[in-house]
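Only one structure is covered here, and it is reproduced in the block below.
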Amino acid sequence: SSCKDIAEKNDDLSQLDRLNSKQIKRYHEKGVFTLKQLSFQFQLRRSRKRKQREKELYKPELQALAIRTGNILIHDIPKLPQSQIEFFLDMEGIPDIGFHYLIGLLSCDQTNNAYHHFWADALLEEETAFRQFLDVVKEYDAPIYHYGSYEVKALRQLAKRYKLDIEPVQKRLVNLNSHIFGKIYFPVKSNKLKEIGNFIGANWTSQNASGLQSLVWRYRWNETRDKIYKDLLIKYNEEDCQATKLLASKIREILAVLNEKT
């Protein structure tokens, strides 16, 4: 059995993605070895100075508590802009060579969702795909939601490469990960979009869909030019965009419930 299976069986702290070996060692020194034990370590502290600092930090104890109880825990209330029209962005690339070959964009208004994708067969077509994407997002002054830091870096890299000004577009980027990090704790072991997505009911057609798998599909497409791999990549990208949209809705739902209570 794999290390992961053993860690699960022992309810090991290493199951939490965000805990490094140094932090784990510190918990061990306190006599905390399992996620269950960790979940009992959380204490609300009242001092005001502490409170400011508390808001900024990620709390593994809360993550463990969320996992043990199966509940979503709210530590701080994120503010999420809402707009009549919204975009949800997801990009696929080969990071080693800095080639961004697929830009996926879900545009949503009150009634319709439309998925657009901009694909580059090769590096030579990357600029065209990037410009097509910019043309679509420039039509509306709407927020562009994404999950994680990859998209921000990729867009900067492309703008620099093709000497294009993306300042107005960049201002509209909203990283959903930073809206939940340290604020909303889902009962999952990592903050990856797949894990949270699976918990909130997002779907991926391919069981093994992941960033790593997408590299394999792209490699196979390069080798064979078989449409099946391109279709898998586009579908996976669209489902990532859908999961990002679902997460934004979930955050809003949580906020609405909190507002009702206060």
Side-chain angles (χ1 to χ4, degrees), residues 2 4-5 7-8 15-18 63 66-67 70 72 80 86-96 99-108 112-120 129 133 136 143-155 173-181 184-224 226-254:
S2 70
K4 194 177 164 216
D5 295 336
E8 268 181 32
Q15 293 179 95
L16 282 193
D17 243 22
R18 296 208 69 92
Q63 194 79 62
I67 291 166
I72 298 170
L80 202 57
E86 298 181 325
F87 291 114
F88 297 89
L89 167 71
D90 187 72
M91 295 171 69
E92 311 299 334
I94 304 169
D96 299 354
F99 171 34
H100 311 288
Y101 64 84
L102 174 58
I103 306 175
L105 192 70
L106 188 65
S107 62
C108 306
N112 290 313
N113 296 344
Y115 170 72
H116 318 261
H117 69 270
F118 312 96
W119 170 277
F133 156 74
V136 174
I144 305 164
Y145 296 95
H146 60 98
Y147 192 83
S149 57
Y150 180 78
E151 281 69 22
V152 180
K153 287 179 196 153
L155 292 175
L173 292 173
V174 181
N175 181 359
L176 285 182
N177 181 265
S178 62
H179 279 74
I180 61 175
F181 179 72
I184 300 178
Y185 291 80
F186 290 90
V188 291
K189 288 166 186 171
S190 96
N191 251 8
K192 292 193 177 91
L193 183 61
K194 294 284 167 311
E195 287 233 21
I196 294 176
N198 283 325
F199 176 76
I200 62 173
N203 287 309
W204 282 271
T205 307
S206 298
Q207 288 304 295
N208 57 348
S210 70
L212 198 61
Q213 183 58 47
S214 72
L215 287 171
V216 175
W217 287 334
R218 175 69 205 202
Y219 174 77
R220 291 195 177 139
W221 185 83
N222 287 347
E223 294 292 295
T224 63
D226 188 335
K227 191 175 169 291
I228 189 167
Y229 297 115
K230 182 175 174 179
D231 290 347
L232 281 166
L233 285 161
I234 291 168
K235 190 75 192 148
Y236 163 61
N237 179 272
E238 181 179 358
E239 287 167 343
D240 269 359
C241 291
Q242 294 282 3
T244 308
K245 179 181 189 284
L246 188 63
L247 181 56
S249 306
K250 189 70 188 172
I251 295 170
R252 291 200 177 111
E253 199 182 293
I254 291 166

Point-to-point distance, once rounded to the nearest 0.5 Å, from CG of Leu89 to CD of Glu151 = 5.0 Å
Is the side chain of Tyr147 donor-acceptor paired with the backbone N or O of Asp240 at a distance under 3.5 Å, no angle test?
-> no
Is there a donor-acceptor pair closer than 3.5 Å between any side-chain N or O of Ser206 and the backbone N or O of Ala209?
-> no
Apply side-chain contact (heavy atoms from CB on, under 4.5 Å) to Thr244 and His146, showing your working.
-> CA-CA 7 Å; Thr244 308; His146 60 98; 5.5 Å; no
Asn237 side chain to Leu233 main-chain N or O, any donor-acceptor pair under 3.5 Å?
-> no
Any residue meeting salt bridge (Lys or Arg N to Asp or Glu O under 4.0 Å) with Glu239, in chain and number order, not counting sequence neighbours = none
Whether Tyr145 and Phe88 hold their rings parallel, tilted or perpendicular, with breakpoints at 30° and 60° = parallel
Between Asn175 and Gly148, is there a donor-acceptor pair closer than 3.5 Å when you use the side chain of the first and the backbone of the second?
-> yes
Any chance the rings of Phe87 and His116 have centres within less than 6.0 Å?
-> no
What do the steps show when you test Arg18 against Glu195 for salt bridge (Lys or Arg N to Asp or Glu O under 4.0 Å), and what is the final call?
-> CA-CA 14 Å; Arg18 296 208 69 92; Glu195 287 233 21; over 6 Å; no
Please lay out, stage by stage, how Arg220 and Glu223 fare under the test salt bridge (Lys or Arg N to Asp or Glu O under 4.0 Å).
-> CA-CA 5 Å; Arg220 291 195 177 139; Glu223 294 292 295; over 6 Å; no
Can you name the one residue among Met91, Lys230, Arg218 that meets side chain to side chain contact (heavy atoms under 4.5 Å, CB included) with Tyr101?
-> Arg218
